Amino acid sequence: MEQKQEMTEEEVRGTLEAIASTGKFWHDWEKLKSMLSLQLKQVLSEYPEAKMPSEQQSTLGEAFPELVKRLDEALLSFIEGPPFTLQRICEILLDARGIYPNLSKLALALEKNLLVTSTLAISSEPRLPSSEPKPDELEEPEKGLEEQKHLPDAVENGIESVAGDRDEVMAEVVAEINDDMTIDMEAFREIVASSDTNVAANSDS
C-alpha cells in the first residue's frame with residue numbers, strides 16, 4: 001500500500017503511455033503491477049454502473065466489487081512478468097471510456113487480455129524520453145540525402161530528366177507529320193487533276 005501511495009497519477013499515466021506506444025516495459029514487474037492495479041480500479045470506478053445500487057447491477061452479471069476483485073486478481077496472478085497483452089491493456093486503461101461505452105464491454109475486453117498465459121520480458125533497451133527522436137530517426141534524413149545524391153538525373157518529385165530524349169522524340173513526330181502531309185498533298189493533286197480531266201471531257205462532249 002505504501003508503494004501505491006508513493007506513485008503520482010502523472011507517473012502512472014506516463015508509464016502506461018510509454019508501454020502503449022512502444023509495447024515494451026522497463027520497470028520492475030512488481031512496481032508496474034501496482035501501477036496497473038491502481039489504474040484498473042480507477043478506470044472501473046469512473047463508469048456510471050459502478051455507482052448504481054447493488055440490486056441494479058444485474059447488467060454486469062455480478063456485483064461491481066466482485067467484478068473489480070476478479071479482474072484485479074487476474075492481473076495480480078502474473079508472477080514472473082506481465083501478460084504479453086500488456087500493450088493492449090495499457091491502451092484500454094488509458095482511454096477506456098473512449099473505446100468502451102459501458103462497463104460490461106470494458107470488463108469483457110480486460111478479461112480477454114488477462115486470460116493469457118504467456119508473459120513479456122523486461123526490455124533491455126535504454127528507455128528514451130518520448131520528446132527525443134530515436135537514433136535511427138536521426139540517421140534516416142541524412143541517409144536519404146546521400147541516396148538522392150547518387151541517383152542519376154534525379155529532380156524534384158522523383159521525376160527523371162528527359163530533356164535530351166524529348167527533343168529527339170519531337171523531331172521524329174515532326175518528320176512523320178511532314179511525310180504524311182507530303183503524301184496527302186500528292187493525293188490531293190491527283191484528285192484535282194483527275195477532276196479537271198473529267199470536266200474538260202464533259203465540256204467537249
Side-chain angles (χ1 to χ4, degrees), residues 1-54 56-141:
M1 289 298 294
E2 289 177 9
Q3 192 179 33
K4 289 181 183 179
Q5 290 171 357
E6 288 171 7
M7 288 181 283
T8 64
E9 188 178 333
E10 290 76 17
E11 183 188 358
V12 172
R13 189 164 187 86
T15 301
L16 267 57
E17 284 173 351
I19 297 168
S21 63
T22 63
K24 299 170 184 175
F25 76 102
W26 294 265
H27 292 74
D28 172 72
W29 170 227
E30 287 303 316
K31 183 179 181 183
L32 180 57
K33 193 192 294 187
S34 297
M35 290 185 184
L36 290 167
S37 176
L38 196 68
Q39 185 74 5
L40 174 73
K41 292 170 184 173
Q42 174 66 32
V43 166
L44 292 171
S45 68
E46 289 171 357
Y47 277 79
E49 293 94 325
K51 300 171 180 66
M52 288 180 180
S54 55
Q56 294 180 15
Q57 293 177 359
S58 57
T59 53
L60 301 174
E62 61 190 317
F64 178 73
E66 291 173 5
L67 172 67
V68 175
K69 184 182 177 185
R70 184 167 58 82
L71 291 173
D72 193 43
E73 284 178 352
L75 171 65
L76 299 177
S77 68
F78 288 89
I79 308 300
E80 300 300 323
F84 78 91
T85 51
L86 177 64
Q87 183 176 19
R88 182 57 185 158
I89 291 170
C90 289
E91 289 172 353
I92 292 171
L93 293 178
L94 286 167
D95 188 29
R97 297 295 295 273
I99 304 170
Y100 301 103
N102 57 58
L103 186 57
S104 57
K105 289 188 176 181
L106 168 65
L108 187 63
L110 288 170
E111 188 174 32
K112 280 172 62 179
N113 282 283
L114 289 167
L115 287 176
V116 297
T117 53
S118 301
T119 56
L120 201 63
I122 191 166
S123 177
S124 58
E125 296 177 17
R127 184 180 172 187
L128 292 169
S130 56
S131 58
E132 291 182 15
K134 295 178 183 177
D136 55 351
E137 290 175 350
L138 290 171
E139 292 168 8
E140 282 302 314

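Quick caveat: nothing in here was measured; it's all calculated off a predicted structure.
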Student: For a quick test of reading the model, state the closest non-hydrogen atom pair linking L76 to S37 and the distance between them.
Tutor: CD2-CB, 4.5 Å
Student: Which residues satisfy the salt bridge (charged side-chain N to carboxylate O under 4.0 Å, His left out) test with E66, sequence neighbours excluded?
Tutor: none
Student: Please list all pairs passing the salt bridge (Lys or Arg N to Asp or Glu O under 4.0 Å) test where one or both residues lie in residues 76-102, with sequence neighbours left out.
Tutor: R88-E91
Student: Only one of E11, E17, E10 passes salt bridge (Lys or Arg N to Asp or Glu O under 4.0 Å) with R13; say which it is.
Tutor: E17
Student: Would one find more than 12 heavy atoms of other residues, nucleotides or ligands at under 6.0 Å from atom NZ of K24?
Tutor: no
Student: So, K51 side chain and S45 main chain: donor-acceptor pair closer than 3.5 Å or not?
Tutor: yes
Student: Hey, can you pull the donor-acceptor pairs under 3.5 Å for the side chains in residues 105-116, sequence neighbours left out?
Tutor:
| from | atom 1 | to | atom 2 | distance (Å) |
| --- | --- | --- | --- | --- |
| E111 | OE2 | R70 | NH1 | 2.4 |
| N113 | ND2 | A109 | O | 2.9 |

Student: Should L40 and L44 count as side-chain neighbours, where that means a heavy-atom distance under 4.5 Å?
Tutor: yes
Student: Over all heavy atoms of both residues, which pair between Q39 and L16 is shortest? Give the atoms and the distance, please.
Tutor: CG-CD2, 3.6 Å
Student: Which atom names give the shortest non-hydrogen contact between P82 and W29, and what distance separates them?
Tutor: CB-CZ3, 3.3 Å
Student: Looking only at heavy atoms, what is the nearest atom pair of Y47 and N102, with distance?
Tutor: CE2-C, 3.5 Å
Student: Has W26 got a side-chain atom pairing as donor or acceptor with T15's backbone, closer than 3.5 angstrom?
Tutor: no
Student: Measure the spacing between NZ of K41 and CG of D72 and express it to the nearest 0.5 Å.
Tutor: 4.0 Å
Student: Considering only heavy atoms from C-beta outward, does the side chain of L36 approach that of L86 to under 4.5 Å?
Tutor: yes
Student: Regarding E62 and K69, does a basic nitrogen lie under 4.0 Å from an acidic carboxylate oxygen?
Tutor: no
Student: Would you check if the side chain of S77 reaches a backbone N or O of A74 as a donor-acceptor pair within less than 3.5 Å?
Tutor: yes
Student: Looking at every heavy atom in both L32 and H27, which two are closest together, and how far apart are they?
Tutor: CB-CB, 4.2 Å
Student: Can you name the nearest heavy-atom pair linking F25 to L120, along with the distance?
Tutor: CE2-O, 3.5 Å
